[in-house]
Student: 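Sharing a structure here in structure tokens format.
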Amino acid sequence: MPTAPPQPLLHSFAAPRDCLRASQEFVMSDQPESPSSSLPQNFVQLVAGLEFQPLKAAEDEARAKRLYRLRHSAAHLMAEAVLQVFPDAKVATGPAIENGFYYDFDLPRPLTPEDLEDIEKRMKKAAKRANRFEITEIPIADARRRFEATNQTYKVEVIDKIAETQKPATVTLYRQGAFCDLCAGPHVHNTVRLKHFKLLRSSGAYWRGDATRPMLQRIYGTAWENQEDLDAYLNFLEEAKKRNHKRLGEQLDLFHFHQEAPGAAFWTPRGFIVFQSLLTYWRELNVKRGYKEIFNPMLYKKDLYIKSGHYTHYKEDMFIIHQEETEYCLKPMNCPDTFLFYTSKRRSFRELPLRIAEGGILHRNELAGALNGLFRVRQFMQDDAHIFVTPEQVESEIFAVLDIVREVYGLFGLTYGFTLSTRPEKFMGEADVWVQAESDLKAALDKGGLAYAIDEGGGAFYGPKIDIKIDDCLGRKWQCATIQLDFQQPLNFDMKYTASDNTPQRPIVIHRAVFGSIERFIGVLLEHTGGALPTWMSPVQAIIVPISDKVLDYAFLLCKQATDMGIRAEVDDRNEKMGYKIREAEMKKTPFMLVVGEKEAADGTVSLRTYRDGQQPTTPAAEVLATIVQRIQTREFDVTITPLRTFDVEDESAAAEADEY
RNA sequence: GCCUACGUAGCUCAGUCGGUAGAGCACUUCCUUGGUAAGGAAGAGGUCACCGGUUCAAAUCCGGUCGUAGGCUCCA
């Protein structure tokens, strides 16, 4: 049967207006309106050649610099206190970080929570002594000799690295009270400025982040300019804890973990509805955007992964099963088996772009210590797809995928950023092919007017990628969506299509996932919404609360009507008072609560209560049901997001300085 | 995998100096028939993560294993 020429799907769904709006936003943030446009002619000269920036940005930057200084100074103060307790401690590095500071130490024994209290008390005392921070500049060789003589071997190593990379003649030492440190500064003038800080926790940290180097003890602390900010930050940490998706998963009865299957979620009936609602949406999108879904096996002989390169480049992360003489692997990615689908028959250029989706269940052998609720699991489902394209189709397909990302994240009101990840150290293929792939991705991003960061060496071993990171309520970033360009696997799998001139050609593969891991995305969404999911995702969309069992018949009738209309509705027919039932429905964050008593039963109404807005006027039942159906069908994001105050004061220069000492 | 902490009822957590285990919620039964976030009573429920050691005696002290949390590292 001849294949119908593929529809040029791009024009049917591309949302030029949305693209334009997004690109304008990005452009606007980068290029503020020219100040000369509204100035009198004779003032144009005044501002010629000057760069202006919004006051707020300038103030934020000044504050960020002050906080950086404060926190870095607090780190020195902490080192002073630690040395009081452990005079033989070796100090490593102690930078200011986002929201606080840390310092790494090599100590004779592990720190206890009591130690932290003790150290914090000593810090407060030391701060009150009002010691000045003082600076001296000495030849680098002299500094090295001094630190070597005091057996501060980590500092010696830092100095050696500075000598090698920056080759300065001198370095600076800062001293306050009973502590002196190699440090580029700057610092506050006096320890009396350090008042509003708190030590948060201690943990292990490899020297230089290298697992082959010694494990040091790191103490984290936070420091602020005033008590109000400190309290607000500590409160933020408390609130963030309440929003933790593991806690919400328990409270809302969505999923569990069991030690018999570490790193794999067990979805409850309620939770699986949430999971399925995302999958249903994903499948609708696939149809709308011209994707076909396939369903492949989960277990493969290792030969597949030898061919794809995973066996060489990814074996550490794979679960491998030895069955008699044969070695099998649980699939860690969907790509290799999707490629088997592609090569299962001869392909024509008329089929391209061929968009193949697969929501495969993947297993990755993550390190035990890396597991973290739904955020880092060993088993997960990916809303994966592979697009097989001709070279001419690359840019428009990438652009179309970026448009899907915009649509999907827009649906959840999520903010996100792009990162272009380039060739890693371990890579397959030819370097110039990589250069081509990277420039194609750049072109698509630039064309969309999208701002992006570059992660040098962060690409997959088979190709460069655009990663999209979602911001969560804690200001953390989570990689969900990814778009990867692959020139390599078509070679490994000898993929071909017959071109219009009847010659065999090599397709290019675009890998893409938007949710990334369905599990992780649900985790992010739970924290983002505080567990109050939009109606279309809610396990129970409407709970009917009969006031007494005299109106049970009406309640069940309503429930049937609602169910017939496609609403997930339940009657709470337990022998409890309505206040109790409402409390339970509220705690489960049920979007619609339909309270019915004898009055409502008599005139076919419901007393409406919503999770978002509380008690509403009594309304005809049909009207309420119609509203709910509409919310579900349009997938309205009917949730009020109350973002936690973020304390994110990014300062690139501060971050760069923090790198070293 | 490494560092630190933790693991007591379905959930959240008490449990002192080593002396055979407790609360609230949830669950079951009964009473109660109610108007927008917890009505009352009774009952049932635990090999104190698991394995070993010390001890007359271990939830408690020691060792190991597994799991969890926060980091380090890695990554969707």
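From a predicted model like this one, the values you see are computed outputs, not experimental measurements. By convention in this document, chain letters (A, B, ...) are assigned in the order of the sequence lines, proteins followed by strands, and residues within each chain are numbered from 1.
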Student: Among residues at least two apart in sequence or on other chains, which ones pass side-chain contact (heavy atoms from CB on, under 4.5 Å) with A/Gln484?
Tutor: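 A/Gln484: side-chain contact (heavy atoms from CB on, under 4.5 Å) contacts with A/Ala460, A/Tyr462, A/Lys465, A/Thr482, A/His511.
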Student: Would the base of B/rG71 count as contacting A/Tyr206 through its side chain, where contact means a donor and an acceptor less than 3.5 Å apart?
Tutor: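 In this structure, the two groups form no donor-acceptor pair.
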Student: Rounded to whole angstrom units, what separation is found between the NZ atom of A/Lys577 and the P atom of B/rA38?
Tutor: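 These atoms are roughly 11 Å apart.
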Student: Should the ring pair A/His310 and A/Tyr314 be called parallel, tilted or perpendicular, given that the plane angle runs from 0 to 90° and is split at 30 and 60?
Tutor: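 Perpendicular: the ring planes of A/His310 and A/Tyr314 meet at over 60°.
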Student: On RNA chain B, nearest-nucleotide positions of A/Met578 versus A/Tyr314: which is more 5'?
Tutor: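 That would be A/Met578.
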Student: Which nucleotide in the list B/rC2, B/rG34, B/rA76 gets nearest to the side chain of A/Lys465?
Tutor: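 From the listed options, B/rA76 comes nearest.
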Student: So A/Gln615, base contact, sugar-phosphate only, or nothing? Heavy-atom distance under 4.0 Å.
Tutor: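 Base: the residue A/Gln615, judged by heavy atoms under 4.0 Å, touches a nucleobase.
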Student: Under 4.0 Å, counting only non-hydrogen atoms across every strand here, what does A/Asn372 touch: a base, just sugar-phosphate, or nothing?
Tutor: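 Contact class for A/Asn372: sugar-phosphate only.
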Student: Suppose you measure atom P in B/rC11 against the same atom in B/rC27; what distance do you get, rounded to whole Å?
Tutor: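 It comes out at 15 Å once rounded to the nearest Å.
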Student: Take the protein atom CG of A/Asp104 and the nucleotide atom P of B/rC72, then report the distance between them rounded to whole Å.
Tutor: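 Rounded to the whole Å, the gap is 10 Å.
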Student: Select one nucleotide: of B/rU33, B/rG71, B/rA76, the one nearest the side-chain heavy atoms of A/Arg201.
Tutor: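 Looking only at side-chain atoms, A/Arg201 lies closest to B/rG71.
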Student: Rounding to an integer number of Å, can you tell me how far A/Leu252 CG sits from B/rC11 C1'?
Tutor: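 Taking atom C1' of B/rC11 as the reference, CG of A/Leu252 is at 13 Å.
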Student: Which of the following nucleotides, B/rA26, B/rC74, B/rU33, is nearest to the side chain of A/Glu366?
Tutor: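 Ranking B/rA26, B/rC74, B/rU33 by closest atom to the A/Glu366 side chain puts B/rC74 first.
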Student: If you look at every strand shown and take non-hydrogen atoms under 4.0 Å, does A/Gly369 touch a base, only sugar-phosphate, or nothing?
Tutor: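 The residue A/Gly369 makes base contact.
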Student: Scan every strand shown for a Watson-Crick or G-U wobble partner of B/rC50, both distances under 3.5 Å, and answer none if you come up empty.
Tutor: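 Here B/rC50 is engaged in a pair, and the nucleotide opposite it is B/rG64.
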Student: With the side chain of A/Pro262 defined as its heavy atoms from C-beta on, choose the nearest nucleotide among B/rG67, B/rA76, B/rU33.
Tutor: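 In terms of side-chain proximity for A/Pro262, the closest of B/rG67, B/rA76, B/rU33 is B/rG67.
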Student: Would you classify A/Arg520 as touching base, sugar-phosphate or nothing, given that sugar-phosphate means primed atoms plus P, OP1 and OP2, and contacts are heavy atoms under 4.0 Å?
Tutor: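 Result for A/Arg520 = base.
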Student: Just by distance, do the side chain of A/Arg243 and the backbone of A/Glu527 share a donor-acceptor pair under 3.5 Å?
Tutor: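 Yes; judged by distance alone, with no hydrogens or angles, the pair exists.
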Student: Write down the partner of B/rU4 under the Watson-Crick or G-U wobble criteria, each distance required to be under 3.5 Å.
Tutor: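 Pair assignment: B/rU4 / B/rA69.
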Student: In whole angstrom, give the distance that lies between atom OH of A/Tyr580 and atom C1' of B/rG40.
Tutor: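 For the pair A/Tyr580 OH and B/rG40 C1', the rounded distance is 13 Å.
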Student: Could you work out which one of B/rA76, B/rU73, B/rG70 sits closest to the side chain of A/Leu367?
Tutor: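 Looking only at heavy atoms from C-beta outward on A/Leu367, the closest nucleotide is B/rU73.
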Student: Using a cut-off of 4.0 Å on non-hydrogen atoms, how would the nucleic acid contact of A/Glu598 be classed: base, sugar-phosphate, or nothing?
Tutor: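 Base, at least one base heavy atom under 4.0 Å.
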Student: Taking the six-membered ring of A/Tyr206 (Phe, Tyr or Trp), confirm whether the NZ or CZ of A/Arg213 is under 6.0 Å from its centre and within 45° of its axis.
Tutor: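 Output no; distance or angle outside limits.
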Student: Is there a donor in the side chain of A/Asp455 and an acceptor in the side chain of A/Thr419, or the other way round, less than 3.5 Å apart?
Tutor: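 The answer is no; no qualifying pair exists.
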Student: A/Lys550 side chain: which of B/rG34, B/rG1, B/rA76 is closest?
Tutor: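 Closest of the options to the side chain of A/Lys550: B/rG34.
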Student: Tell me which nucleotide, if any, is Watson-Crick or G-U wobble paired with B/rA14 when both distances must be under 3.5 Å.
Tutor: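 WC or wobble partner does not exist here.
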Student: For RNA chain B, whose closest nucleotide is more 5', that of A/Arg574 or that of A/Val377?
Tutor: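 Closest to the 5' end, via its nearest nucleotide, is A/Arg574.
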Student: Counting side-chain heavy atoms from C-beta on, which of B/rG39, B/rG35, B/rG71 comes nearest to A/Tyr220?
Tutor: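 Nearest nucleotide to the side chain: B/rG71.
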Student: For nucleotides 61-64 of chain B, tabulate all protein N/O to nucleotide N/O atom pairs closer than 3.5 Å, reporting atom names and distance.
Tutor:
none

Student: Can you measure A/Asp572 atom CG to B/rA38 atom P for me and round it to whole angstrom units?
Tutor: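 Value for this atom pair: 14 Å.
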Student: Is there a side-chain contact between A/Lys246 and the phosphate of B/rG70, meaning an N or O under 4.0 Å from OP1 or OP2?
Tutor: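 Yes, such a contact exists.
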Student: Among B/rG67, B/rA76, B/rG34, find the nucleotide with the atom closest to the side chain of A/Gln259.
Tutor: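 The closest nucleotide is B/rG67.
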Student: Of the listed nucleotides (B/rG35, B/rA76, B/rC11), which one gets closest to any side-chain atom of A/Glu600?
Tutor: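 So the side chain of A/Glu600 is nearest to B/rG35.
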Student: Looking only at side-chain atoms of A/Ile547, point me to the closest of B/rC2, B/rG35, B/rU33.
Tutor: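 Among the listed nucleotides, the one closest to the side chain of A/Ile547 is B/rG35.
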Student: A/Gly263 near the nucleic acid: base, sugar-phosphate alone, or nothing, with a heavy-atom cut-off under 4.0 Å?
Tutor: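 Since only primed, P, OP1 and OP2 atoms lie under 4.0 Å of A/Gly263, the category is sugar-phosphate.
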Student: Under 6.0 Å from the six-membered ring centre of A/Phe101 and within 45° of its axis: does the NZ or CZ of A/Arg71 meet both?
Tutor: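 Pair A/Arg71/A/Phe101 does not count as cation-pi.
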Student: Find out whether A/Leu625 and A/Ile567 are in side-chain contact, i.e. whether some heavy atom of one side chain is under 4.5 Å from a heavy atom of the other.
Tutor: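 Sidechains of A/Ile567 and A/Leu625: in contact.
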Student: Between the main-chain N or O of A/Phe319 and the side-chain N or O of A/His363, is there a donor-acceptor pair closer than 3.5 Å?
Tutor: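 A pair under 3.5 Å: no.
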Student: Mind checking whether A/Phe515 and A/Phe521 have parallel, tilted or perpendicular rings, split at 30° and 60°?
Tutor: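 Answer is tilted, since the angle falls between 30° and 60°.
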Student: Considering every strand shown, what is the Watson-Crick or G-U wobble mate of B/rU29 when both distances are under 3.5 Å?
Tutor: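 Its partner is B/rA41.
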Student: Looking at B/rA76 and A/Phe380: do their rings stack (centroid distance under 5.5 Å, interplanar angle under 30°)?
Tutor: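 By the stated criterion, A/Phe380 and B/rA76 stack.
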Student: For the side chain of A/Tyr409 and the backbone of A/Ala481, is there at least one donor-acceptor N/O pair under 3.5 Å apart?
Tutor: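 Side chain of A/Tyr409 to backbone of A/Ala481, a donor-acceptor pair under 3.5 Å: yes, one is there.
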Student: What integer distance in Å separates A/His256:NE2 from B/rC11:C1'?
Tutor: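 One finds 10 Å between C1' of B/rC11 and NE2 of A/His256, rounded.
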Student: Using Watson-Crick or G-U wobble geometry with both distances under 3.5 Å, which nucleotide pairs with B/rU20?
Tutor: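 Check on B/rU20: unpaired, no WC or wobble geometry under 3.5 Å.
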Student: Nearest whole angstrom, please: distance from the C1' of B/rG1 to the CG of A/Leu371.
Tutor: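 My rounded result for the distance is 12 Å.
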Student: Could you check how far CG of A/Leu216 sits from P of B/rU73, rounded to whole Å?
Tutor: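 Taking atom P of B/rU73 as the reference, CG of A/Leu216 is at 12 Å.
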